[in-house]
Amino acid sequence: MAAELRDLRLWESPDSTRVVFDLSADAAYKVFTLANPDRIVIDVAGLEPAAMARVNRVAGKGLVRRLRSGIQDGGIRVVLDVDAPVNPKSFVLTPNDDYGYRLVLDLHGQPRPLQPAVEEPAVPTPVPPVQTVMAQPSPQQARPPMKLQERPIVIAIDAGHGGEDPGARGKSGLEEKEVALAIARKLAKLINAEPNMRAVLTRDGDYYLGLRARTNIARKAQADLFVSVHANAFHNRSMRGTAVYVLSDKGATNEHARWLARKENEADLVGGVEIHGKDKELAAVLIDLSQSATMEASFDVGSRILRSMGRVNALQKSDVQQAGFMVLKAPDIPSVLVETAFITNDHEESLLADDDYRDRMARSILDGVKGYFSSYRPQQQVVETLPESQEVSFNQSKQPL
């Protein structure tokens with residue numbers, strides 16, 4: 001029987017575009033690219049000509065400038081016009097609770113520069129140095145003094161799910177991805193209003209983002225903390241309450257092994273220490289030390305956030321819980337996952353839909369974060385500026401002038 005094209009959707013993210021064909025049945029397909037001009041061609045077997053009308057109604061988005069369609073060998077040919085060469089990756093997803101068969105194309109282009117979640121204050125409040133370390137000059141070369149200075153705290157805020165992945169859904173139709181993004185944006189705005197704090201959102205729109213991509217964004221931003229925002233769900237609609245999760249011991253052990261085993265991690269920094277070039281045993285020790293410190297910090301900040309959130313909503317559990325969530329597995333960044341309420345509980349779904357509750361929940365997360373960083377401030381080593389009379393010009397291959 002011929003497959004029916006039920007829907008065609010495009011999702012835009014900062015560095016990619018996802019094209020999704022919703023189909024009534026599995027269908028054979030072929031994808032290839034053409035140049036001059038650049039375009040992507042998708043031949044889907046078994047689709048009837050009526051599908052062309054649906055394709056031609058869809059507007060371009062992201063990397064896709066325009067969509068066209070035509071009849072091709074017992075099926076439909078869809079052409080995506082793009083402005084530059086794009087490498088498409090395609091796959092088929094089988095039916096789940098929300099969708100039927102889906103043919104998915106991920107189109108990857110040039111990533112956009114990482115931007116703060118919200119514009120930062122023009123003039124940050126200065127922070128005095130906590131310690132000065134004077135470097136000893138060698139007989140051949142005088143060195144300017146060094147000092148440790150507190151730097152702005154960077155918080156990566158991860159709005160769970162997004163785009164093709166709606167997360168849990170409440171009885172009224174409220175989706176977890178929308179709740180998570182709304183609270184994440186509010187939290188980012190609050191953080192950026194704080195002196196010497198900066199928020200980075202892993203996603204700032206309704207698009208899909210891979211789980212490891214979320215932690216990679218946090219690492220590129222040199223985040224000091226990773227907070228993933230979610231809404232809980234359960235088949236028993238009487239279940240309710242707020243919860244906080246950190247990585248389980250088993251999840252940490254598995255991630256430890258992955259960091260050692262996979263080549264792409266060899267040059268990564270773990271807790272500020274580069275493991276590239278280290279032997280396996282030393283690398284294992286460095287990762288273990290970093291991960292132990294990270295999990296301890298995760299429990300600390302998680303406990304503070306949980307206590308603070310308990311003033312906004314009843315707690316599901318009075319203690320921080322542990323689970324093997326993928327987004328918590330960065331061994332060098334303290335990470336917590338907050339379940340703001342049960343979207344499957346009628347009362348708590350109404351809370352999650354309420355803008356005032358979202359405000360209060362975001363504020364409670366911030367209070368827990370601030371409590372943690374009041375005891376710990378990230379520092380960086382900087383070179384102290386010398387008076388003009390003492391300035392020295394340096395070059396790696398020359399003596400001071």
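As a basis for the values below, the full set of heavy atoms in this structure was taken, side chains included, without hydrogen atoms, waters or symmetry mates.
Atoms CG and CD1, from N196 and I153 in turn, are 7.5 Å apart once rounded to the nearest 0.5 Å. Summarising the geometry, atom CD1 belonging to I40 is positioned 11.0 Å from atom CZ belonging to F32; distances are rounded to the nearest 0.5 Å. Taking CZ of R102 as the start and CG of D26 as the end, the distance is 12.5 Å to the nearest 0.5 Å. Considering CG of L209 and CZ of R18, their distance stands at 10.0 Å, rounded to 0.5 Å. Considering CG of L187 and CD1 of I157, their distance stands at 4.0 Å, rounded to 0.5 Å. With values rounded to the nearest 0.5 angstrom, E4 atom CD is found 15.0 Å from Y101 atom OH.
When atom types are taken as modelled, the side chain of S298 and the backbone of V336 share no donor-acceptor pair closer than 3.5 angstrom. The main-chain N or O of D7 is never found under 3.5 Å from a side-chain atom of R9 such that the two would form a donor-acceptor pair. Proximity of a side-chain donor or acceptor of R54 to a complementary backbone N or O of L5 within less than 3.5 Å is detected. Side-chain N or O atoms of K317 include none that pairs as donor or acceptor with a backbone N or O of A243 at under 3.5 Å. Proximity of a side-chain donor or acceptor of T202 to a complementary backbone N or O of R214 within less than 3.5 Å is not detected. Distance alone, capped at 3.5 Å, is enough to place a donor-acceptor pair between the D206 side chain and the G163 backbone. No donor-acceptor distance shorter than 3.5 angstrom exists from the side chain of S13 to the backbone of Y207, with no hydrogens or angles considered. For S308 (side chain) and S364 (main-chain N/O), a donor-acceptor pair under 3.5 Å exists by modelled atom type. N345 places a side-chain N or O within 3.5 Å of a backbone atom of H347 that can act as its donor or acceptor partner. Checked by atom type and distance alone, the side chain of N216 pairs as donor or acceptor with a backbone atom of R212 at under 3.5 Å.
The pair R304-D300 meets the salt-bridge criterion, since a charged nitrogen lies less than 4.0 angstrom from a carboxylate oxygen. Salt bridge annotation for R240-E348: present, with a cationic side-chain nitrogen under 4.0 angstrom from a carboxylate oxygen. Checked for salt-bridge contact, R185 and D204 meet the test: a charged N lies under 4.0 Å from a carboxylate O. Ion pair D43/R77 flagged as a salt bridge, since at least one NZ, NE, NH1 or NH2 atom sits closer than 4.0 Å to an Asp/Glu carboxylate oxygen. The residues K370 and E194 are annotated as salt-bridged, a charged nitrogen and a carboxylate oxygen being separated by less than 4.0 angstrom.
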Can you list the steps and then say if I305 with V369 is a side chain to side chain contact (heavy atoms under 4.5 Å, CB included)?
CA-CA 7 Å; I305 291 173; V369 169; 4.0 Å; yes

Practice task
Run the numbers on R363 and D359 for salt bridge (charged side-chain N to carboxylate O under 4.0 Å, His left out), then give the verdict.
Solution key: CA-CA 6 Å; R363 171 63 65 180; D359 280 331; over 6 Å; no

| query | So L8 and L67, side chain to side chain contact (heavy atoms under 4.5 Å, CB included) or not? Walk me through it. | reply | CA-CA 11 Å; L8 177 57; L67 294 87; 3.7 Å; yes

Passes side chain to side chain contact (heavy atoms under 4.5 Å, CB included), E339 versus Q321? Steps please.
-> CA-CA 11 Å; E339 298 281 11; Q321 304 300 296; over 6 Å; no

#### Entry: Pair V86-L80, side chain to side chain contact (heavy atoms under 4.5 Å, CB included): steps then yes or no
CA-CA 11 Å; V86 173; L80 310 179; over 6 Å; no

- Message: If you apply the rule salt bridge (charged side-chain N to carboxylate O under 4.0 Å, His left out), what do you find for D22 with R6, and how did you get there?
- Response: CA-CA 5 Å; D22 279 308; R6 292 176 171 172; over 6 Å; no

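For Q316, the CD atom is densely surrounded, since the number of other residues' heavy atoms within 6.0 Å is greater than 12.
Put simply, the side chain of L225 reaches to within 4.5 Å of the side chain of F373, judged on heavy atoms. With a 4.5 Å cut-off on side-chain heavy atoms, E164 and V104 do not count as touching. Counting heavy atoms from C-beta outward, Q322 and F299 have side chains that approach closer than 4.5 Å. Within the 4.5 Å cutoff, side-chain heavy atoms of T242 are placed close to those of M361. Side-chain contact between N87 and H108 is absent, with no heavy atoms from C-beta onward closer than 4.5 Å. In this structure, I71 and P49 have side chains that are in contact, with non-hydrogen atoms separated by less than 4.5 Å. No side-chain heavy atom of Q72 sits less than 4.5 Å from a side-chain heavy atom of K30. For the pair V64 and V58, the minimum side-chain heavy-atom distance is 4.5 Å or more.
Contact record, L105 with F21: CD1-CE1, 4.1 Å, taken as the closest heavy-atom pair. The two residues I155 and M197 have their closest heavy-atom pair at CG1-CE, 4.1 Å. A25 approaches A3 most closely through the heavy-atom pair O-CB, 4.1 Å. Between I183 and T340, the shortest heavy-atom contact is CD1-CG2, 3.9 Å. Heavy-atom minimum distance, V44 versus A27: CG1-CB, 4.0 Å. Across all non-hydrogen atoms, the minimal contact from L352 to R358 is O-NE, 2.6 Å.
A salt bridge (Lys or Arg N to Asp or Glu O under 4.0 Å) with D81 is found for exactly one of R39, R68, R65, namely R68. The side-chain contact (heavy atoms from CB on, under 4.5 Å) test with T344 is passed by exactly one of R237, R169, H235, E176: R237.
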